[in-house]
Every structure is written in structure tokens, then in C-alpha cells.
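None of the values given here were measured: they were computed from a predicted structure. Order of listing sets the numbers, starting from 1, for every ligand and every atom in it.
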Amino acid sequence: MNTKQRLPFVYRELVFELGSGNGKMLFDLSNRNKNKDIFFIGIEIDRLQYEESCALTTSAASNILFVNDDIENVVTKLEDDTVNMFISILPHPTFIGSENVTKWKPFYIKMLRKMKDHGQFLLITECTNEFFSPVSIEEYKKWRNWITSSFIDMGYRILLALDDSPSGFSSYYLDQFKHDTNRIKVLTLLLEKIT
Ligand SMILES: C[S@@+](CC[C@H](N)C(=O)[O-])C[C@H]1O[C@@H](n2cnc3c(N)ncnc32)[C@H](O)[C@@H]1O
């Protein structure tokens, strides 16, 4: 996707959701943009969830699009310095797990290049342990330090860190995880690109 050529000029900002699941969260967000001057693109690799997302967007004048693809493919094809915001809610372990650091670090470094100066990355992710037992405060703090320093090392600036999900945000998995806060600790990071 060539974002400079294909983004309709009426849109002031471009927002991508990575792994948009059933699309509900992004659809709600697009409806909050009353001026319809932000264009939202959700990328989801799973065909069934992608189709569920498309069923939400019936209006021809919609400022939202869902794409059935791998986020690596889509992000790689974006032009540098074009994206206002990336959102990732509860990414798959391939894109956040400690066992996959060597895979996801190059991805997020590439993603940073695609963001405009002062562009943002909203990451909501979760801490669990290998036994899926309650996560202690110490365990959580150690994980939070590791994840925040990983993003700082990659060149992101931390604008906000919240030991919860942001209020007013709902997604299929976030809503499930809210029922098990002892074993699943959610962290929200708002990260910024500074050139
Ligand atoms: C834990 S779910 C979160 C879904 C949604 N954000 C939510 O909070 O309900 C992770 C999502 O990422 C999608 N996914 C995993 N790998 C992907 C990839 N390489 N490209 C695009 N989507 C991917 C999965 O199919 C799944 O829908």
C-alpha cells in the first residue's frame, strides 16, 4: 500500500490497528471521529475475523478499512514518515513475547520509521507467567521494566504507562482478560516517535 498516493486527501490522519481481531474496537474508534477526517485501517491475518470486521462497515462513506494480511507485509510496504498512529491491543506472543524478541524488535524498529515525527504507538499488552498462576507485584514490575526499556532501546519515547487498560477501551480479548486480573496483568504504553 502506497500511503502517500492512496490516502484520500480529505483525511488528516492515518491510524493502523495491528491484529484487529473482530474489528469492533477500531469500528467504535472510527465512529467517535465525528469529523471523519481520520482514516482507520485494521489488519487481521485470520480470515473469519477479517470477514466479521468487514460486516461492521456497510456505509460507503466509511472512514475505515479492514485488510486481511500479515502485519509484517503491510507495515513493510508503507512509506516512511506517513503514519500518525499504530495501535496494538494484546498482540500475539510472536510480536511481544520474551521468547520472540529477536523477531519483534526488528519489526517495531521498522514500524518506527513508518511513523511521522510525534506519531504514536498505543500498545496494550499483558503479563502472565509460565504456570498461569497469579502474577506477583514483583514479577509484574520486572516484566514492565523489561518491556518499557525494550521500547526505549528501539528509539521510542514513553509518553504514558498505565497499569491497566485505558478507560473507554473495549476489545474482545481485553473484555475477557478483565475477568482474571490476578493472573493477567494488563499494561498500557503510549509511545512516541521523536526524530
Ligand atoms: C490476542 S488477539 C487480539 C485481537 C484484538 N486486538 C483484541 O484485543 O480482541 C491477536 C490477534 O492478532 C492476529 N494476528 C496474529 N498474528 C498476526 C499477523 N502476523 N498479522 C496480522 N494479524 C495477526 C490474530 O489473528 C488475533 O486476531
Side-chain angles (χ1 to χ4, degrees), residues 1 3 14-33 38-57 64-78 83-115 120-130 132 135 140 143 147 150-151 154 160-181 183-191:
M1 181 183 298
T3 40
L14 180 58
V15 174
F16 279 89
E17 186 184 5
L18 310 171
S20 44
N22 65 12
K24 182 81 172 53
M25 190 292 298
L26 200 65
F27 183 66
D28 290 345
L29 210 57
S30 73
N31 283 331
R32 288 188 214 168
N33 175 225
I38 304 176
F39 199 78
F40 297 86
I41 302 178
I43 310 160
E44 174 51 55
I45 203 165
D46 178 72
R47 182 88 201 169
L48 286 178
Q49 293 190 84
Y50 158 74
E51 283 171 1
E52 226 178 295
S53 310
C54 293
L56 297 168
T57 61
I64 186 166
L65 173 77
F66 288 99
V67 177
N68 184 212
D69 205 340
D70 187 322
I71 55 175
E72 298 236 41
N73 288 339
V74 175
V75 169
T76 301
K77 289 178 195 154
L78 296 174
V83 177
N84 296 85
M85 185 173 227
F86 284 102
I87 300 174
S88 181
I89 304 188
L90 307 172
H92 187 274
T94 318
F95 291 96
I96 206 67
S98 55
E99 66 285 13
N100 294 313
V101 175
T102 52
K103 177 175 165 54
W104 55 256
K105 273 201 170 178
F107 172 77
Y108 291 119
I109 290 169
K110 186 191 295 172
M111 203 177 90
L112 192 61
R113 287 205 306 272
K114 310 299 176 181
M115 290 158 61
Q120 296 182 352
F121 175 31
L122 177 66
L123 171 65
I124 304 178
T125 185
E126 84 280 15
C127 173
T128 55
N129 63 36
E130 57 183 318
F132 206 49
V135 175
Y140 172 72
W143 170 83
I147 202 116
S150 301
F151 279 93
M154 286 185 264
L160 179 140
L162 176 71
D163 297 324
D164 201 346
S165 54
S167 63
F169 253 75
S170 164
S171 78
Y172 177 80
Y173 279 95
L174 263 184
D175 296 346
Q176 305 295 313
F177 289 4
K178 279 176 190 157
H179 299 298
D180 201 352
T181 52
R183 293 188 300 176
I184 308 174
K185 301 266 183 239
V186 170
L187 169 70
T188 300
L189 292 178
L190 184 62
L191 307 158

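Short contacts between ligand 1 and F95, defined as distances under 4.0 Å to a heavy atom of the residue, involve ligand atoms 19 (N). The contact set between ligand 1 and Y172, taken as ligand atoms under 4.0 Å from a residue heavy atom, comprises 9 (O). Under a 4.0 Å criterion applied to the non-hydrogen atoms of Q49, ligand 1 contributes the atoms 25 (O), 27 (O).
Counting non-hydrogen atoms of other residues, nucleotides and ligands closer than 6.0 Å to CZ of F95 gives a total above 12. Surrounding OH of Y172 are at most 12 heavy atoms belonging to other residues, nucleotides or ligands under 6.0 Å away.
A pairwise comparison of heavy atoms in M115 and F121 identifies CE-N, 3.9 Å as the closest pair. Across all non-hydrogen atoms, the minimal contact from S165 to V186 is N-CG1, 3.9 Å. The minimum heavy-atom distance between G21 and E44, with the atom names listed, is N-OE1, 2.8 Å.
When hydrogens are left out, the protein atom nearest atom 1 (C) of ligand 1 is L90 O, 3.1 Å; that is the closest non-hydrogen contact. In this structure, atom 4 (C) of ligand 1 lies nearest to the protein heavy atom G19 O, 3.6 Å. Here the heavy atom of the protein found nearest to atom 17 (C) of ligand 1 is I45 CG2, 3.7 Å. Ranking protein heavy atoms by distance to atom 19 (N) of ligand 1, first place goes to D70 OD1, 3.0 Å. Ranking protein heavy atoms by distance to atom 8 (O) of ligand 1, first place goes to S171 OG, 2.6 Å. Looking only at heavy atoms of the protein, atom 15 (C) of ligand 1 is closest to H92 CB, 3.8 Å. At the shortest separation from atom 20 (N) of ligand 1 among protein heavy atoms lies I71 N, 3.0 Å. Shortest contact from atom 9 (O) of ligand 1 to any protein heavy atom: Y173 N, 3.0 Å.
The shortest N/O to N/O separation between I89 and ligand 1 falls below 3.5 Å. For ligand 1, the polar-atom distance check against D46 finds no nitrogen or oxygen pair separated by under 3.5 Å.
With Q176, E44, M25, E17 as candidates, the residue nearest to atom 24 (C) of ligand 1 on a non-hydrogen basis is E44.
Looking at Y50 and D69, their side chains never bring a donor and an acceptor atom within 3.5 Å of each other.
With salt bridges taken as basic N to acidic carboxylate O contacts below 4.0 Å, one links E72 and K103.
At least one heavy atom of D69 lies less than 4.0 angstrom from ligand 1.
Annotation: side-chain contact (heavy atoms from CB on, under 4.5 Å) contacts of N129 (sequence neighbours excluded): F131, S133, V135, E139.
Close placement of the F16 and F86 rings is indicated, their centers lying within 6.0 Å of each other.
Under the 30°/60° scheme for interplanar angles, the aromatic rings of W104 and F151 are found to lie parallel.
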